[in-house]
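Let me begin by presenting the structure, written as structure tokens, before commenting on it.
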Amino acid sequence: MKDMQNVQHLTEEERRLVGYNADEFVDENFSGHSYVKEIILTLFANKATAISLICLLVIVLFAIFAPMLSPYTYKEINSKTTNMPMRIPVLEDLGIFDGTRKGVDMYAKKGIEDQYHYFGTDNLGRDIWTRVWVGTRISLLIAVLAVVLDVVIGVTYGMVAGFFGGKIDMIMQRLIEILTGIPNLIIMMLLLLAMEPGIPTICLALAITGWVNMSRIVRAQVLKLKSNEYVLASRTLGASPKRILLKHLLPNTMGQIIITFMFSVPHAIFFEAFLAFIGLGVPIPMASLGTLINDGYRSAMLYPYQVLCPAAVLSVLMLSFNLLGDGLRDAIDPQMRSM
Amino acid sequence: MQANDQREVLLKVENLKQYFPISRSYTVKAVDDISFTIHRGEIYGLVGESGSGKSTTGRSIIRLYDPTDGKITFCGQDISGKMPRDTVRMLRTKMHMIFQDPMASLNPREKVMDIIAEGIDIHQMYSSQEERREMVYAILKKVGLSKEHANRYPHQLSGGQRQRVGIARALIMKPDLIIADEAISALDVSIQAQVVNLLKSIQVETGCAILFIAHDLSMVRYISDTIGVLHLGHLVESGTTADVFEHAVHPYTRSLLSAIPRPNPLLEKDRPIMTYDYKTSGLDYSQGTYHDITDTHKVLGTDADVQRWLKELA
């Protein structure tokens, strides 16, 4: 006890750390990596994620530019050139995709040797290459729009329910349960029957129940975060609920939101394809990956490339999104980041 | 180190009760009828074992909880019930808190600059970005960090540095009262000393009062002017540091003091250890009243109890 008291008699000068000047001091123990930079580094360290990111980029670029550069349009019907086989330059010299069927060069037979239909044509003579990329464009557009709607509704709903809690939360959760109690497909089909079929309607049909998942994840995060000490600190400083939600809770939920977003997009793409497959897709002559698969599947036994081409793009697209989502989760995961 | 009663009373807590209803039939009485006052510029140490209601007291005072009963007066204004807008603003600018876990108390997605400036952002206490930056730099210097730290994220700082950021956040508003809720418990011993010295020098420099909540008795003895001992939600003894450490009356306080290890190995070997168990002690805190031993020294107990303890000590 005597020792403790001696310390109290030290003067201010004696207590100061020797050789320490706060202004010039630069602490080099911790590198100044920003948060975003660290995420990107971890993301590319994962090979599967890097590959899926590249695949995704390629698909998006093709979806944007391929229809523009193609000499055909997605709706141009040509009764002369129906069900043409695949013909791709360079590869045709190797003896594959050279436009022959059972040894007969279909292109020479029709007298169009100067034309190339990379993915062949369908039963109305439309170029499948162009239609696949237009379809990818539409599918991506629908999926991203629907998921953005999910995010907007789901994040708002989840944050309000999680933050205010109590009775508000109780009522909001019961509403969700009622909504999820009705089978998804019935809501969608009724909506699509009641409204003009088209991109906005399909987006709405996907979003009308899709946000529930997002809101649940956001609510769980907010419930977890709102009793954190930094939120308490903010409250003791007099912060309004709006400030706490936007400044503290939203940025810390962002990782989860991005991950859920990444997993929702392929889900929405698939659901759109599914709707198209049961005949509730975008109206003809518009194409989406789902309607293309639906069309191609009818003649799958005779002309398998008509279904395989859009199906391959759909598969790669979904796989890429899922792998990217996986990689992002590893990179963003807040549990690993607190040191 | 004598508490000076002539100084203005800053915080007056009277019969504060904080209950948490768990179910219809069961209520946790975290804080049960405690009263104390903190004078301007005083360091008040609140000690007790875990679960004794130390943190709850701090959080009730700063109104993170709504007190069940009792009256809290801060800077002459009642802050225990529903407060008018002016009082809320006064409370939020004049009273601040430093939290236990320096990592959990800093938003991992914000830079140190924005964390520290949060208070002045909320209350619009600057006129330009330039002024805001200067205020943050000044406060960083005061807590012993450099300007360069302002652009860091919390995970790029060490434990002691993080706690300094927490202190800076509380200090930037020039508060009259800082509640340090186990502010040093999560730090290692060498850093504890740094942070405690920092708190002490800040207290001397700015003249703010500190409610220092801790369970480390030697730290509390070192830093506090006045000490309150909490047990099971009751304030069993309070007084100046000398009153409590040299003339402890309550058996709980005496058992706590007997548990402090001595630095001298010869004394340590023969250190008498007092045991105290509320259940077998035959005491009932709710029956007790405050007895003045001296002007500054108060003990909770019934008349008979206090007489008996004083006789034991004599």
Side-chain angles (χ1 to χ4, degrees), chain A residues 1-17 20-38 225 227-240 242-244 247-255 332 334-339, chain B residues 1 59 62-64 88-89 91-93 95-110 114-115 118-119 121-123 140-141 144-149 151-158 161 166 169-170 173 179 181 193-194 197 200-201 204 218 221-222 245 260 262-264:
Chain A
M1 282 298 107
K2 285 280 183 292
D3 305 341
M4 285 303 295
Q5 281 167 337
N6 286 339
V7 180
Q8 289 178 16
H9 302 306
L10 290 179
T11 63
E12 200 56 28
E13 205 49 46
E14 284 168 319
R15 274 203 210 119
R16 187 152 293 146
L17 222 58
Y20 179 80
N21 184 341
D23 271 347
E24 292 163 13
F25 180 69
V26 175
D27 190 345
E28 280 158 359
N29 277 340
F30 297 90
S31 62
H33 272 189
S34 81
Y35 179 69
V36 177
K37 209 166 158 189
E38 267 179 66
L225 293 173
S227 57
N228 251 346
E229 285 187 343
Y230 60 82
V231 177
L232 294 184
S234 194
R235 279 172 57 197
T236 63
L237 290 167
S240 60
K242 185 180 146 203
R243 187 188 165 86
I244 293 174
K247 278 257 170 186
H248 297 297
L249 298 177
L250 187 60
N252 282 290
T253 318
M254 221 40 179
I332 293 176
Q335 310 299 328
M336 315 274 289
R337 204 140 291 275
S338 54
M339 290 195 43
Chain B
M1 282 300 181
R59 290 181 178 194
I62 205 163
R63 291 302 304 274
L64 280 173
V88 173
R89 190 183 155 85
L91 171 66
R92 294 301 175 216
T93 51
M95 193 196 289
H96 286 301
M97 199 157 186
I98 302 168
F99 289 88
Q100 175 172 12
D101 182 347
M103 190 64 214
S105 65
L106 306 177
N107 183 347
R109 298 294 150 82
E110 269 189 324
D114 298 313
I115 293 173
E118 174 150 33
D121 282 345
I122 292 169
H123 298 283
L140 274 174
K141 195 171 180 189
L145 294 172
S146 69
K147 284 181 182 178
E148 178 252 352
H149 288 115
N151 290 319
R152 297 276 190 92
Y153 286 93
H155 72 268
Q156 294 166 336
L157 299 172
S158 68
Q161 289 170 335
R169 170 174 58 193
M173 312 273 283
I179 298 175
D181 184 2
Q194 282 180 25
N197 284 334
K200 204 157 182 157
S201 62
V204 171
S218 41
R221 176 177 204 177
Y222 172 50
F245 274 84
I260 304 174
R262 302 277 167 87
N264 185 340

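So that the names make sense, note that chain A is the first sequence line, chain B the second, and so on, each numbered from 1. All heavy atoms count here, side chains included; hydrogens, waters and symmetry mates do not.
Note: A:Leu232 CG to B:Leu64 CG = 5.5 Å, rounded to the nearest 0.5 Å. A:Leu250 contributes atom CG, which lies 10.5 Å from atom CZ of B:Arg109 (distance to the nearest 0.5 angstrom). Note that CD1 of B:Ile122 and CZ of A:Arg243 are 4.5 Å apart. Values are rounded to the nearest 0.5 Å. Atom-to-atom distance recorded for A:Leu237:CG and B:His123:NE2 is 6.5 Å, nearest 0.5 angstrom.
Under the side-chain contact (heavy atoms from CB on, under 4.5 Å) criterion, A:Ser234 pairs with A:Ala239, A:Ile244, A:His248, B:Glu118, not counting sequence neighbours. With sequence neighbours left out, the salt bridge (Lys or Arg N to Asp or Glu O under 4.0 Å) criterion links A:Arg235 to no other residue.
Interface remark: B:Arg89 contributes no atoms to any contact with chain A (heavy atom separation under 4.5 Å). Both the backbone and the side chain of B:Gln100 have a heavy atom closer than 4.5 Å to some heavy atom of chain A.
Between A:Tyr230 and B:Ser105, the shortest heavy-atom distance links the atoms CB-O, 3.3 Å.
Between chain A and the residues B:His96, B:Arg63, B:Met173, B:Met97, the largest count of heavy-atom pairs under 4.5 Å involves B:His96.
The side-chain heavy atoms of B:Asp114 and A:Lys247, taken from C-beta on, include no pair separated by under 4.5 Å.
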